[in-house]
Amino acid sequence: QEVEGFIYLCMISSKDYNQEYNYPLSDEMLTVPMKKQSYVKCQLLVGDVERDVIRKIGTLKQPYFNEVIEKIKETIF
């Protein structure tokens, strides 16, 4: 959906509820470290457009990004 600027967003939380759906993050995976242990909530996915994103704090490095995508696929589909 790149032409329309459509993106998918996942919640990141420090809460470890629903462990079977979580992907744990560590500082080595990120360009900017988190202050607390955090988890991608792979079951909480929303579609939006880039113009609604207020700011970007950091990114997930590529190999880990691919792992999160696979975890989301396992969780949702």
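Model, not experiment: these values are computed from the prediction. We use all heavy atoms of the structure for the numbers below, so side chains are in, but hydrogens, waters and symmetry mates are not.
The shortest distance between side-chain heavy atoms of Y8 and F6 falls below 4.5 Å. Proximity of K41 to I12: side-chain heavy atoms (C-beta onward) are nowhere separated by under 4.5 Å. No side-chain heavy atom of S13 sits under 4.5 Å from any side-chain heavy atom of Y39.
Distance check, rounded to the nearest 0.5 Å: CG of D27 to CD of Q37 gives 8.5 Å. The structure places OG of S38 at 11.5 Å from CE of M29, a figure rounded to the nearest 0.5 Å. Here the straight-line distance linking atom SG of C42 with atom OH of Y21 works out to 11.0 Å at 0.5 Å rounding. Interatomic distance, E50 CD to K56 NZ, rounded to the nearest 0.5 Å: 9.0 Å.
In this view, D16 and Q19, N22 satisfy the side chain to side chain donor-acceptor pair (under 3.5 Å) rule, not counting sequence neighbours. Taking the side chain to side chain donor-acceptor pair (under 3.5 Å) definition, one finds that T31 meets it with T59, sequence neighbours left out.
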Can you give each donor-acceptor pair under 3.5 Å made by side-chain atoms of residues 70-77, sequence neighbours left out, with the distance rounded to 0.1 Å?
residue: E70; atom: OE2; partner: K73; partner atom: NZ; Å: 3.3
residue: K71; atom: NZ; partner: E20; partner atom: O; Å: 2.8
residue: T75; atom: OG1; partner: K71; partner atom: O; Å: 2.8

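Closest approach of C10 to V40, counting heavy atoms only: CB-CG1, 3.8 Å. In terms of heavy-atom proximity, L60 sits nearest to L25 at CD1-CD2, 3.8 Å.
Partner of I7 under the side-chain contact (heavy atoms from CB on, under 4.5 Å) criterion, chosen from V49, V46, V53: V53.
Both F65 and L45 belong to a common hydrophobic cluster when Ile, Leu, Val, Met, Phe, Trp and Tyr are linked at side-chain heavy-atom distances under 4.5 angstrom.
For K61, the NZ atom is densely surrounded, since the number of other residues' heavy atoms within 6.0 Å is greater than 12.
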